[in-house]
Amino acid sequence: MDWAPIEEKWRQKWLAEKQFESNPDSRKKFFVTVAYPYPNSPQHIGHGRTYTLADVHARFMRMQGYNVLFPMGFHYTGTPILGMARRVQENDKDLIEAFRTLYKVPDEKIREFSDPVKIADYFHQEIKAGMIEMGYSIDWRREFTTIDPFYNKFIEWQFKKLKENGLVVQGTHPVGWCPKDQNPVSQHDTLGDVEPSFTEYTIIKFKYNNYVLPTATLRPETIFGVTNIWMNPNVNYEIAKVDNEEWIITSECATKLGFLNKKVTKTGIMPGAQLVGKKVKVPGRDDEIFILPATFVKSDNGTGVVMSVPAHAPFDYQALEDLKKETSKYANLPSSLSEIRPISIIETEGYGEIPARDVIEKLGITSQDSPKLEEATKELYSKEFYGGKLKQNTGKFSQKSVTVAKEEVKRWILDSGNADILYELNENPVRCRCGAECVVKLLDNQWFLNYSNPEWKEKVHSWINEMRILPEEIRNEFNHVVDWLKERACARQHGLGTKLPWDKNWIVESLSDSVIYMAYYTIVKYVKSGEIKPEYISDSFFDYVFLEKGDLQKVSSESKISPENLESIKKEFQYYYPVNARHSGRDLVPNHLTFFIFNHLAIFPRKYWPEEIVVNGSVLMDGKKMSKSMGNIIPLRDAIKIHGADSIRLAILVSAELLQDADFNQEAVRGIKNKLEGMLDEATRYNDTKETALAQEDRWIYSRLQQLIAKTTTSIQKMRLREALHYVLYEFDTDLQWYLKRIEAKGRKDHLGILHKVFSARVAMMSPFAPYVSEELWSRLGNQGLASESQWPLPDEAKIDLLALQSESLLSRTIEDIRNIVKVTKMSPKKITIYTASTWKVRAYQKILSTVISGDVNIGNIIKSLISDKETEEIKKDPDFVKKTVNDILSDPQDDRDAKNKIGLVDETKILSELESLIKTEYGIGLQVFSESDQNKYDPKNKAKTARPYKPAILIE
RNA sequence: GCGGGAGUUGCCAAGCCUGGUCAAAGGCGCAGGGCUUAGGACCCUGUCUUUUAGGAGUUCGUGGGUUCAAAUCCCACCUCCCGCACCA
């Protein structure tokens with residue numbers, strides 16, 4: 001079936017009605033937003049999830065009578081698009097091929113892609129078209145991009161506010177860096193998508209004459225166990241002036257230091273071999289140690305100078321042992337070499353005096369070139385770090401745990417001026433996409449948002465605990481994010497975006513210019529309509545509109561907006577703010593969503609803080625993660641062409657609850673499509689005829705409908721959309737089937753009006769989920785207006801007929817029992833007789849029921865109280881009845897128990913006579929119903945006595 | 001390592017907060033039947049084991065515990081997934 005014409009038809013209708021365009025009016029408002037997309041590729045099915053959830057939310061609230069605003073913008077800010085443009089300039093074959101085949105971008109467009117804005121513009125329109133096709137009920141008059149002049153003004157205002165509040169700070173920060181691009185690199189900027197992670201090393205300065213021999217170490221606390229220095233005799237070291245000291249280091253190290261803001265000037269060469277046998281002074285310790293040769297020292301790692309702690313470092317221990325055995329290999333070795341002993345400074349459970357030796361022996365290592373030394377080092381490091389304690393010979397650090405001492409010793413040497421910090425990439429080499437080898441650079445004068453600020457954190461914590469967060473499980477995660485959040489760089493030197501107002505060399509970073517823009521949606525339409533002219537806008541405008549600060553006349557003349565217009569702009573903001581619900585994928589919890597809260601709290605007064613966050617999981621494709629390499633990314637617009645928008649919406653929503661990953665698979669979509677087609681057929685069968693007197697089954701289906709409406713409404717309110725869909729789409733089918741079975745058995749023809757009502761309510765409830773097909777169904781049913789504009793069905797308590805509900809359930813359960821018996825006995829029934837329980841049992845049942853409802857399930861107690869009552873003393877004859885009845889009651893849902901208690905005594909014999917038509921249809925035979933207490937009953941097998949209330953005895957012959 | 005989450009009957013996936021509705025929804029798959037020229041469409045029935053009377057038995061990662069009663073509460077363990085920053 002071709003959905004496109006149907007979708008197009010209703011899309012035009014919606015457009016004509018302008019029903020998604022929201023303006024302030026007297027109704028209550030509902031402002032729902034989603035994180036806007038970054039237009040560097042077309043969107044795929046996975047992107048559709050969050051938007052679809054938000055759209056359902058918007059459509060639901062609209063039907064509930066709210067004035068709903070659901071806007072959309074486009075986030076141009078950022079570096080990836082810039083990187084893509086550069087690769088196009090460089091004629092990158094892979095990327096251009098991806099544009100052509102994967103994204104199906106026309107060639108003439110690709111040629112324009114050397115301009116990053118063209119890339120963003122292209123995918124912007126692509127994504128927008130997809131959103132419209134998906135039926136999202138967005139107010140497109142409020143669309144914008146983050147490089148629009150007015151948006152720039154807005155972000156400038158935001159940053160000045162943050163700065164005024166002391167939340168923007170300046171500092172120095174190490175980053176992965178491409179020396180060629182002069183820009184920080186992150187994972188997606190590198191070849192092979194390697195994360196350019198790095199580790200901080202402590203440099204400890206040993207003195208040799210006037211030279212500094214800097215050793216880089218991860219374990220500064222082991223300074224107390226140093227016995228010698230290692231240098232590679234085969235390496236030519238550089239003598240370099242580093243700031244005001246003469247350092248001896250490898251040339252690689254000199255380069256690295258340059259990026260760490262050291263002034264490095266190379267002044268000479270010093271062969272490693274020449275230093276062997278010389279003595280150096282140990283900082284903080286009043287003695288000297290030898291420089292010894294070791295080939296395991298690599299010139300590209302650290303400084304090329306290594307401090308040796310043989311007691312705790314397996315490499316050092318092994319190298320020392322090796323050297324003692326081959327003294328003849330090197331010249332200038334000190335004669336006292338053989339007297340050098342490891343100095344043990346850490347005690348750790350499970351290791352002896354010299355832990356390094358223990359590990360080496362355990363792993364059977366015999367040479368410093370053994371690859372197992374890495375493993376040995378790792379093991380010992382971890383054991384000592386988590387379990388080790390410093391010994392007496394470490395002075396004031398004695399008895400401290402290694403975890404603590406490491407930091408304290410580092411601090412102590414740094415403070416004495418004998419240490420420094422070096423950053424080293426964990427994986428070497430990391431290459432930028434441009435091909436250059438990356439380094440670690442210390443960026444100074446970098447701007448940060450101070451998310452460490454304790455008062456700010458505290459405020460955010462308390463709001464997180466107050467606001468609505470769905471699903472509830474994720475609330476903890478937010479609180480933890482707030483805890484570990486530190487200063488965050490908020491500006492970078494390249495990319496699209498807004499310049500930092502007080503330092504035009506910097507551009508506001510993309511996760512910082514996207515935190516309060518929801519406020520911008522409320523007023524942006526006035527730029528398009530011409531009331532706001534960005535060039536006249538300054539901070540006073542935003543102060544006035546958002547914070548109600550300043551003088552109307554003054555702001556009006558400054559901004560060249562008439563006072564009346566300015567007032568209505570302000571009113572519009574005040575009408576829509578705060579955000580009532582923000583939807584997003586869970587990947588944004590540790591960044592965007594948390595920043596969103598932080599920044600709102602920093603800038604806006606409490607009444608404008610966001611009320612609710614709804615977080616959803618991602619989408620899998622046939623159970624697998626979507627990825628380019630797997631080739632299982634389906635562009636959303638392609639999918640719409642194949643399956644139709646509604647089927648995709650339903651498939652994504654019905655497969656998983658909020659936080660779970662939703663699996664999009666072909667079978668599920670096919671099933672949904674069939675279902676929808678079936679409904680389209682069905683809709684033409686019913687018409688809105690007059691209602692005749694209602695039979696029991698009619699009252700029953702109406703009761704079930706009220707329950708369905710109530711359940712569905714509650715589920716949507718909790719954003720349990722999967723559950724809601726489930727009720728509307730599937731669970732109610734079971735009821736309809738039963739109803740039709742009853743109608744058919746009775747040969748009725750007057751039920752179409754009833755089904756019309758039921759079906760119409762169902763279609764209305766489907767409308768937020770599957771808007772197109774719902775409109776089509778709505779019109780085929782002959783209903784007036786649009787489904788999406790109809791009122792959300794209200795459950796009518798008065799239409800819930802408890803007796804009808806219990807009666808029908810008794811019928812279906814009895815039929816079920818009969819089927820069971822037939823199945824087990826494999827007989828073909830000739831005659832069926834049913835016996836209902838005698839009066840004393842019914843009375844006993846009522847008593848037991850109310851006892852159980854009151855919470856007492858003790859069989860003994862119940863029997864005692866029943867016996868003591870004349871009405872039920874017959875229980876003595878059948879004590880087993882109590883146990884069985886209690887079980888019957890316990891296996892009823894709570895609601896049914898209450899209902900049965902409420903309706904009291906029922907005439908089962910009368911109810912069960914309704915079975916006759918059903919039995920006739922199913923087995924083609926007759927049915928007799930007797931009461932157990934009927935003297936003249938037909939009961940050849942003596943079955944009647946097993947009857948219980950709501951559990952009649954059955955005889956099949 | 002730190003933090004978050006998950007393990008359910010062939011697959012996917014509800015249930016767990018608030019214990020009895022749970023042999024455990026639903027979808028998919030599979031089997032039988034109906035409809036049909038035919039069908040990948042639709043409808044009905046079944047789908048842990050067992051049972052010639054609607055019953056019984058054993059199951060919800062593993063092992064304990066609490067309780068009249070545990071998929072659900074508590075403890076320990078095993079396994080898996082995700083995030084950890086200058087990046088949208």
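Below, read A as the first sequence line, B as the second, and so on, with proteins coming before strands; counting in each chain starts at 1.
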Practice prompt. Would you please confirm or rule out a distance under 4.0 Å between OP1 or OP2 of B:C44 and any side-chain N or O of A:Gln737?
Written response: yes

Practice prompt. Provide, to the nearest angstrom, the distance between the NZ atom belonging to A:Lys711 and the C1' atom belonging to B:A25.
Written response: 10 Å

Worksheet entry | Closest heavy-atom pair and its distance - A:Tyr923, A:Ile832 | CD1-CD1, 4.4 Å

Worksheet item: Whole Å only: how far is the CD1 atom of A:Ile815 from the C1' atom of B:C44?
Response: 14 Å

Discussion item. Can you see whether A:Tyr727 has A:Lys711 sitting over its ring - NZ or CZ less than 6.0 Å from the centre and within 45° of the normal?
Written reply: yes

Worksheet, complete the sentence: Quick note, A:Glu509 side chain, CB onward, closest among B:A88, B:G26, B:G40 is B:A88

Item to complete: Can you figure out which of B:A88, B:G54, B:G40 approaches the side chain of A:Thr79 most closely?
Response: B:A88

Worksheet item: Salt bridge or not for A:Glu922 and A:Arg819, using N-O below 4.0 Å?
Response: yes

Discussion item. Going by purine N1 to pyrimidine N3 plus the second Watson-Crick contact, or the G-U wobble pair, all under 3.5 Å, which nucleotide sits opposite B:A31?
Written reply: B:U45

Worksheet item: From B:A88, B:G54, B:A41, pick the nucleotide closest to the side chain of A:Asp817?
Response: B:G54

Discussion item. Work out how far the P atom of B:U62 is from that of B:U72, and round it to whole angstrom.
Written reply: 11 Å

Worksheet item: How close or far is atom C1' of B:U52 from atom CD of A:Glu957, stated in whole angstroms?
Response: 15 Å

Worksheet item: Which nucleotide, B:G46, B:A88, B:C42, lies nearest any side-chain atom of A:Glu816?
Response: B:G46

Worksheet item: Which listed nucleotide (B:A14, B:G4, B:A88) is nearest to the side chain of A:Arg722?
Response: B:A14

Worksheet item: Any ion pair linking A:Arg722 and A:Glu657 (charged N to carboxylate O, less than 4.0 Å)?
Response: yes

Discussion item. Checking base pairs now: Watson-Crick or wobble, both atom distances under 3.5 Å. What partners B:A6?
Written reply: B:U79

Worksheet, complete the sentence: Of B:G83, B:G3, B:A88, the nucleotide closest to the side chain of A:Pro590 is B:G83

Fill in: Upstream residue (5' side of RNA chain B) when A:His726 and A:Lys741 are each assigned their closest nucleotide
A:His726

Worksheet, complete the sentence: Separation of B:G4 atom P from A:Asp483 atom CG, nearest Å, is 10 Å

Practice prompt. Determine which nucleotide pairs with B:U18, using a 3.5 Å limit on both distances of a Watson-Crick or G-U wobble pair.
Written response: none

Worksheet item: So, is A:Arg720 close to the B:A13 phosphate, meaning a side-chain N or O under 4.0 Å from OP1 or OP2?
Response: no

Item to complete: Check the distance between B:C84's P and A:Arg488's CZ and give it to me in whole angstrom.
Response: 11 Å

Fill in: Electrostatic pair A:Asp513-A:Arg492, nearest N-O below 4.0 angstrom
no

Worksheet item: Between B:A88 and A:Ser514, is there an OP1 or OP2 to side-chain N/O distance shorter than 4.0 Å?
Response: no

Fill in: Residue A:Asn820, side-chain atoms from C-beta onward, closest of B:G20, B:G54, B:G4
B:G54

Response to the item:
Regarding the side chain of A:Leu485, the nearest nucleotide among B:A53, B:A41, B:A85 is B:A85

Worksheet item: Quick one: which of B:U52, B:C87, B:U21 gets closest to the side chain of A:Ser891?
Response: B:U21

Item to complete: Please check the phosphate of B:A88 (OP1 and OP2 only) for any side-chain N or O of A:Ser510 closer than 4.0 Å.
Response: yes

Worksheet item: Does a side-chain N or O from A:Arg948 land closer than 4.0 Å to OP1 or OP2 of B:G54, or not?
Response: no

Response to the item:
Closest of B:C86, B:U47, B:A85 to the A:Lys823 side chain is B:U47

